[in-house]
Amino acid sequence: MSEAKIEKNKNYIIDITDMTHEAQGVGRLDGLAVFVDGALVSERVEVKIIKLTKSYGVGKLIGILRPSPHRIEPFCQAYKRCGGCNLQHLDYQAQLDFKTGLVKDNLKRLGGLNDVVVHDTIGMEQPYRYRNKAQYPVSMVEGKAVTGFYAARSHDVMQSDECEIQDAHSDNIRGVISQFLDEYKIPIYDEKSGKGLLRHIVTRVGFNTGELMVVLVINGRQLPDSDELVRRLLEADRGAKSIYLNINTEKTNVILGRKNILLYGSEAITDTIGPYKYMISPHSFFQVNPIQTEVLYSKALEYAGLTGSETVFDLYCGIGTISLFLSAKAKKVYGVEVVEAAIEDARRNAQLNGVANTEFIAGEAEKVIPEMCSSGIRADVVVLDPPRKGCDEPLLKQLTEMQPDRIVYVSCNPATLARDLKYLCSQGYKAVEVQPVDMFPWSGHVECIVLIKRAESRMG
Ligand code: SAH
């Protein structure tokens, strides 16, 4: 390889031919792959090489000599500095196409799956203001409290008055608190020294109920003048339904501490997905894009192909959202999840909705499944919704031995999905179709759902 010709800190012109799952453009210089943040496929760009190794280089985008026809002006002023979105320079339809392509590519390259149907990614009609949860860091910059977002790849907090992917009420609440912090000279937490009080502002919004929760994360036990803040939060906008202090005195990147103190109102807010109501507490996991979640869960229901007589395992069930969604069409749904608090939420949610045919079990799926099998419980349909690392092979092995007719796999990582599908296909299963759903417009994240059938299916 002739990489000796390429030098660090020098500028080069390259053609971008590919894009990574992190939405970096990729081009080649003398055969060496060069990764460029902010560059798009089909563009000719000038880059400055800022990192060089034997196997790849990293280029900083200096100029665009031939822009992509899909390049657009980012709608957010803070886009260049903020670590949140990374695809605002690509038009929305092209983003959806990029995500479909990424899924196809992973399934072929890593899964060896050539004949599975991958549908076009389902996007949002209005891909703005879709997030129901905001976590604003707070920091003191030049004597002023700054509330906003972390700059890309750092913990420097930048002021942001508006974030167009957040619900507008979250932005509004952040503004009210910001004003209060300045007027009442509230001490702000300093990450380096571990001193100061207010660390984060967390807001959660029920999209369909309009209910609002505000959580103030503090390094202490009390917030001075909190009565005044509560008064302002109740007057603001539609008014908060639930206001908490969360105590986090650890030196950690984890946002919430363990202890919550209710300052005002209800212990939880509720929201609905489809016909079901869910309770949301400060620590509850809940999908952040409720509109697309309904799209995704409806697909799960369709792919599960239930007739009313089936037993379903919903593995990695979180607070039981998918379990409830499937319950009306199944005989029985067992939800399995490792976080105990989530299982408690799941049971509460089943009760809240008057659903009697679900059972929730706390534990690791790979440990719980063998116990269920040995006590004679077997599933006709299994839903899997694992974290990014996918499923452990021993779990997949146990599942295939149980021979469910259908497996519905919800994945947020096409690479581990491809690996797991490859295994399932080697054990008598067939990946029939894949539906990507865009849960995170303007970012490179890809979510998809897969229908997998046993080669000799009884259900059809
Ligand atoms: N299906 C849910 C949540 C999916 S997120 C929903 O749609 O809302 C993935 C979940 O898997 C998380 O709640 C995580 O706590 C859980 N998890 C991670 N490892 C696990 C394991 N080994 N066994 C069971 N659950 C696990």
Side-chain angles (χ1 to χ4, degrees), residues 130-133 204 206-207 254 256 270-274 276-304 312-327 330 333-350 352-353 355 358-373 379 381-399 407-414 416-417 420 435-440 445-450:
Y130 62 81
R131 283 186 65 100
N132 61 8
K133 176 181 177 183
R204 307 191 73 165
F207 265 40
V254 177
L256 291 179
T270 55
D271 200 10
T272 59
I273 303 177
Y276 297 100
K277 239 183 170 179
Y278 298 93
M279 295 189 88
I280 304 167
S281 315
H283 280 92
S284 299
F285 174 85
F286 196 67
Q287 296 276 355
V288 296
N289 183 336
I291 296 169
Q292 291 299 84
T293 297
E294 184 163 350
V295 173
L296 186 73
Y297 290 178
S298 302
K299 258 296 158 212
L301 187 59
E302 180 193 322
Y303 282 176
V312 181
F313 288 177
D314 176 16
L315 307 185
Y316 311 89
C317 72
I319 59 166
T321 27
I322 298 178
S323 310
L324 289 194
F325 228 76
L326 301 184
S327 64
V333 184
Y334 292 92
V336 180
E337 158 67 46
V338 72
V339 176
E340 297 241 3
I343 286 292
E344 282 164 30
D345 281 351
R347 289 180 185 138
R348 216 163 43 147
N349 286 330
L352 183 71
N353 289 283
V355 170
T358 51
E359 195 171 321
F360 294 100
I361 300 155
E364 289 174 358
E366 48 278 28
K367 297 212 175 110
V368 174
I369 293 304
E371 288 165 17
M372 290 177 75
C373 289
V381 177
V382 175
V383 177
L384 300 169
D385 186 4
R388 288 191 66 77
K389 69 180 171 75
C391 299
D392 287 344
E393 199 174 294
L395 172 72
L396 295 178
K397 185 165 185 290
Q398 289 156 17
L399 291 178
I407 300 175
V408 179
Y409 193 135
V410 181
S411 161
C412 57
N413 183 347
T416 54
L417 171 68
D420 291 350
Q435 177 62 67
V437 178
D438 190 24
M439 305 290 278
F440 305 101
H445 293 288
V446 187
E447 186 98 9
C448 51
I449 178 162
V450 189

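Ligands are counted one by one from 1 in listed order, and the atoms in each one are counted from 1 as well. What's counted below: heavy atoms across the whole structure, side chains too, no hydrogens, waters or symmetry copies.
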Pairs of nitrogen or oxygen atoms, one from ligand 1 and one from the protein, closer than 3.5 Å: please tabulate them with distances.
from: ligand 1; atom 1: 1 (N); to: Tyr316; atom 2: O; distance (Å): 3.0
from: ligand 1; atom 1: 1 (N); to: Asp385; atom 2: OD2; distance (Å): 2.8
from: ligand 1; atom 1: 7 (O); to: Gln287; atom 2: NE2; distance (Å): 3.0
from: ligand 1; atom 1: 7 (O); to: Tyr297; atom 2: OH; distance (Å): 2.6
from: ligand 1; atom 1: 7 (O); to: Asp385; atom 2: OD2; distance (Å): 3.1
from: ligand 1; atom 1: 8 (O); to: Tyr297; atom 2: OH; distance (Å): 3.3
from: ligand 1; atom 1: 8 (O); to: Thr321; atom 2: OG1; distance (Å): 3.1
from: ligand 1; atom 1: 13 (O); to: Glu337; atom 2: OE1; distance (Å): 2.8
from: ligand 1; atom 1: 13 (O); to: Glu337; atom 2: OE2; distance (Å): 3.3
from: ligand 1; atom 1: 15 (O); to: Glu337; atom 2: OE2; distance (Å): 2.6
from: ligand 1; atom 1: 22 (N); to: Glu366; atom 2: OE1; distance (Å): 3.3
from: ligand 1; atom 1: 22 (N); to: Glu366; atom 2: OE2; distance (Å): 3.3
from: ligand 1; atom 1: 23 (N); to: Ala365; atom 2: N; distance (Å): 2.9
from: ligand 1; atom 1: 25 (N); to: Val338; atom 2: N; distance (Å): 3.2

Would you call the rings of Tyr278 and Phe286 parallel, tilted or perpendicular, where under 30° means parallel and over 60° means perpendicular?
tilted
Distance col, row Leu296:CG vs Glu294:CD, nearest 0.5 angstrom, shows 11.0 Å
Result for side chain to side chain contact (heavy atoms under 4.5 Å, CB included) between Met279 and one of Asp345, Asp271, Asn349 points to Asn349
When you compare the side chain of Leu315 with that of Leu399, does any pair of heavy atoms fall below 4.5 Å?
yes
Less than 4.0 angstrom from a charged side-chain N to a carboxylate O is my criterion; do Arg347 and Glu344 meet it?
no
Angle class for the Tyr334/Phe313 ring planes (parallel below 30°, perpendicular above 60°, tilted otherwise)?
perpendicular
